[in-house]
2 protein chains.
Amino acid sequence: MTLKKNVRTIRSPQPLPQAEEHRQTRRDHAVEIAEDYAEAIADLTLETGEARVVDLARRLGVTHVTVNRTIARLQRDGFVSSQPYRAIFLTEKGRRLASASKRRHELVVAFLISLGVSERVARLDAEGMEHHVSAETLAAFQAALPRTGQEGRKGQEG
Amino acid sequence: MTLKKNVRTIRSPQPLPQAEEHRQTRRDHAVEIAEDYAEAIADLTLETGEARVVDLARRLGVTHVTVNRTIARLQRDGFVSSQPYRAIFLTEKGRRLASASKRRHELVVAFLISLGVSERVARLDAEGMEHHVSAETLAAFQAALPRTGQEGRKGQEG
DNA sequence: AAAACAATGTAGCTGATGCTAAATTATTTG
DNA sequence: CAAATAATTTAGCATCAGCTACATTGTTTT
Ligand SMILES: [Mn+2]
Ligand SMILES: [Mn+2]
Ligand SMILES: [Mn+2]
Ligand SMILES: [Mn+2]
């Protein structure tokens, strides 16, 4: 089909290397919501004592209905615990995810700002970028950060 | 509800600033597939003379059925033109999108590599990151690129 | 305690994206 | 040219993630 004339277009029978990159991106997106919700729940719990559906809806820019259904999925997947009409709590698994996500998120923001990107745009871009930043790239960002490049190993600097 | 006792949890009535960041990320994702397909179609057209459903499927790591339906959406949105059982062509709009996307994609890859990220991981991360890199951040990446920071304005260097 | 209000939950819709299986059409080969 | 093969399309399914409208429950106020 469409191999017209004798042009003999050679095509690869097995998956191209590019395919793996797109697959990885789709995997990133599959955990993205869990990461953002975990972060938001952890923040709200610290800021106001508890994370409630309305607060999450406001912070994430969706309706409370969307939050409700997402929380059900997150509970199914073991990231949160919740009971009808009560606040939402992170499980141990959820707390680990929140912690790692928050650290990575803040590092990405700081890195963009260190490049001269405005804080506003840095925060806008980082919200999406963060989920695609691997451990290796995150380490490269940290190493490139002016003041904090060598810190963090043990945690104390000048 | 859940404002228990007289603790008086103050909550913001209007959308928080964070909401806008999440909204932007969702907007990015809404155009992501168009960008990746446009890039892939442009590449294939250059490499093999035409872009066909099977080739796109292999390159994007999805089934040919998924490609078929996505192409229908892209045609509906004016990015491609296609006829049954024939190859897929970019419209002018699609070509513009492909060109801008490809430039940004390559710049993101080059920037990550310049930070010391391995090419393999740079390509994996860039495939997702690219869609969240704003014009401002892209400019900052370009400016931070060792060799090419001042080039590109008019296009000639040493 | 009843009423008013605010939050939460449910029902039902939509669109995007993925899939497998089967039908159709085009291309290549004998 | 007919058969075999390859590509494409269609049918039908699933999940995620958004929405509006409405029902229910909890909290605050009178
Ligand atoms: Mn995010
Ligand atoms: Mn993304
Ligand atoms: Mn791309
Ligand atoms: Mn991409």
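Computed from a predicted structure; not experimentally measured. In what follows, chains are A, B, ... by sequence order, proteins preceding strands, each numbered from 1.
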If the condition is side-chain hydrogen bond (donor to acceptor under 3.5 Å, both in side chains), which residues does B:Thr45 pass it with, not counting sequence neighbours? none

Is the phosphate of [N] approached by [X] (side-chain N or O, under 4.0 Å from OP1 or OP2)?
X       : N      : answer
A:Arg76 : D:dC16 : yes
A:Arg86 : C:dT8  : no
A:Arg26 : D:dC16 : no
B:Thr66 : C:dG18 : no
A:Asn68 : C:dT8  : no

Any Lys/Arg nitrogen of A:Arg27 or A:Glu20 sitting under 4.0 Å from an Asp/Glu carboxylate oxygen of the other? yes

Using a strict 4.0 Å threshold on nitrogen-to-oxygen distance, state whether B:Glu39 and B:Arg59 make a salt bridge. no

Mind calculating the distance between [atom1] ([X]) and [atom2] ([N]) to the nearest angstrom?
X       : N      : atom1 : atom2 : answer
B:Asp55 : D:dA6  : CG    : P     : 15 Å
A:Glu50 : C:dT8  : CD    : C1'   : 13 Å
B:Asp36 : C:dG18 : CG    : P     : 10 Å
A:Ile71 : D:dA17 : CD1   : C1'   : 13 Å
A:Gln75 : C:dT8  : CD    : P     : 15 Å
B:Gln83 : C:dT25 : CD    : P     : 16 Å
B:Arg73 : C:dT17 : CZ    : C1'   : 6 Å
A:Ile88 : C:dG9  : CD1   : C1'   : 12 Å

Starting the side chain at C-beta, find the nucleotide from [options] nearest to [X].
X       : options               : result
B:Ile33 : C:dT17, D:dT8, C:dG9  : C:dT17
B:Val62 : C:dC19, D:dT8, C:dA16 : C:dC19
B:Thr63 : D:dT8, C:dT17, C:dC19 : C:dC19
B:Val65 : D:dT8, D:dT9, C:dT10  : D:dT9
A:Thr70 : D:dT8, D:dG18, D:dC16 : D:dG18

Using a heavy-atom cut-off of under 4.0 Å over every strand shown, decide if B:Arg23 touches base, sugar-phosphate, or nothing. nothing

Once you apply a heavy-atom cut-off of 4.0 Å, does B:Arg27 come out as touching a base, just sugar-phosphate, or nothing? nothing

For A:Arg58 and A:Val53, indicate whether the former's side chain and the latter's backbone hold a donor-acceptor pair under 3.5 Å. no

Has the side chain of A:Glu35 got a donor or acceptor atom that lies under 3.5 Å from a matching backbone atom of A:Leu97? no

Whichever of A:His64 and B:Ala30 has the more 5' nearest nucleotide on DNA chain C, that residue is A:His64

Side chain to side chain donor-acceptor pair (under 3.5 Å) with A:Asp28: of A:His131, A:Arg23, A:His132, only one passes, and it is A:His132

Confirm from the modelled atom types if B:Arg69 and C:dG18 form a donor-acceptor pair under 3.5 Å, side chain to base only. yes

So does A:Tyr85 reach the base of D:dT24 with its side chain, donor to acceptor, closer than 3.5 Å? yes

